[in-house]
There are 2 protein chains.
Amino acid sequence: MPGTRPGMTEECVAVTESSTKDLEAYLHAHIPLSAAMQVAVVSASSDAVTLSAPLAPNINHRSTAFGGSISTLAILSAWSLVNLRIKTDGLNTRLVIQSNRVDYDAPIESDFTATATLADIAAWPGFLKLLARKGRARIVVQSIVRCGDIVGGRFEGEFVAFKL
Amino acid sequence: MPGTRPGMTEECVAVTESSTKDLEAYLHAHIPLSAAMQVAVVSASSDAVTLSAPLAPNINHRSTAFGGSISTLAILSAWSLVNLRIKTDGLNTRLVIQSNRVDYDAPIESDFTATATLADIAAWPGFLKLLARKGRARIVVQSIVRCGDIVGGRFEGEFVAFKL
């Protein structure tokens with residue numbers, strides 16, 4: 001058919017869209033703060049997860065994005081990335097945040113996104129090996145919070161997975 | 001009257017209760033996330049600010065308090081403390097968070113509080129002096145997140161005040 005892509009690509013797109021909607025529904029159902037913040041999933045893959053949030057429910061007394069909302073969107077993006085990678089590898093774990101640091105670089109004056117990636121992609125095989133051997137492993141995730149081209153915040157968080 | 005306290009004490013109590021309610025109303029009106037989290041002001045003085053949040057709106061997929069909510073309650077308590085101290089000193093500033101670190105020490109399984117204090121009480125006079133001289137100064141605040149006797153999280157954040 002004119003205008004459509006080859007079957008395989010279409011299927012991939014469909015799977016991706018379904019995963020994105022699944023993740024959004026999961027977050028809203030199980031973490032009510034994500035629903036209050038109106039968090040949406042922009043994209044989700046093993047390489048990166050991008051979440052978005054509108055300014056209105058996340059505003060502060062200065063009409064910019066509230067630091068708590070910036071932190072929270074970054075945490076959600078980072079948790080979602082590790083969770084997605086673990087599920088892709090067919091593992092069943094409990095995943096918890098151990099610590100995080102956030103730098104608030106610039107005021108955010110409109111809707112914003114958080115894009116999470118592994119701090120060191122090369123650490124993943126070792127993380128999986130340790131998880132299998134010790135039943136527990138640690139991984140560091142970064143997330144960049146942007147408003148258009150402006151970097152409003154930089155997050156780095158350490159997550160621990162426990163094999164179930 | 002029997003059972004009442006001396007006038008001065010009563011006045012102090014009244015002022016404190018009014019400030020507490022004022023702070024709560026201010027947070028809910030200007031930072032909608034604090035209303036979604038059902039944040040309440042337990043106590044607020046120049047020494048310490050304690051905020052509370054119920055578990056239900058702040059729960060995660062594991063039925064414990066969500067890391068984003070723990071971070072956010074700590075940020076709100078720390079901001080409130082510095083804001084209250086600045087107002088007590090009769091200053092007019094814009095107060096922003098510059099960075100923070102949070103350690104999530106233990107899962108929180110019920111309603112929780114965040115108690116903010118200055119990291120170094122002796123730094124306050126220097127902070128005020130710099131604010132007056134340079135129009136800008138930095139102060140570090142700690143906040144301990146507790147669920148009953150359990151310390152669930154430890155927060156340290158750097159705030160910058162700009163003289164208006």
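Naming convention: chains lettered A, B, ... in sequence-line order (proteins, then strands); numbering from 1 in each chain.
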| query | Non-hydrogen atoms of chain A under 4.5 Å away: do they reach the side chain of R94(B), the backbone, both or neither? | reply | both
| Top contributor to chain B interface from N58(A), T72(A), I97(A) [non-hydrogen pairs under 4.5 Å] | I97(A)
| message | Taking side chain to side chain contact (heavy atoms under 4.5 Å, CB included) as the criterion, tell me which of D105(B), I70(B), V102(B) meets it with R154(B). | response | D105(B)
| said: As an exercise: rank I75(A), L33(A), D103(A) by heavy-atom pairs under 4.5 Å with chain B and give me the winner. | reply: L33(A)
| message | Would a single hydrophobic cluster contain both V42(B) and Y26(B), if residues Ile, Leu, Val, Met, Phe, Trp and Tyr are joined by side-chain heavy-atom contacts under 4.5 Å? | response | no
| message | Taking side chain to side chain donor-acceptor pair (under 3.5 Å) as the criterion, tell me which of S77(A), S80(A), S71(A) meets it with S143(A). | response | S77(A)
| query | Does N60(B) use its side chain to pair, donor to acceptor, with the backbone of I31(A) at less than 3.5 Å? | reply | no
| query | What distance do Y104(B) atom OH and N100(A) atom CG have between them, rounded to the nearest 0.5 Å? | reply | 3.5 Å
| Structural part of A74(B) lying under 4.5 Å from a heavy atom of chain A | neither
| field | Contact leader toward chain B among R101(A), E158(A), H61(A), where contacts are heavy-atom pairs under 4.5 Å | value | H61(A)
| task | Name the member of P57(A), G67(A), A36(A) that forms the most heavy-atom pairs with chain B at distances under 4.5 Å. | result | P57(A)
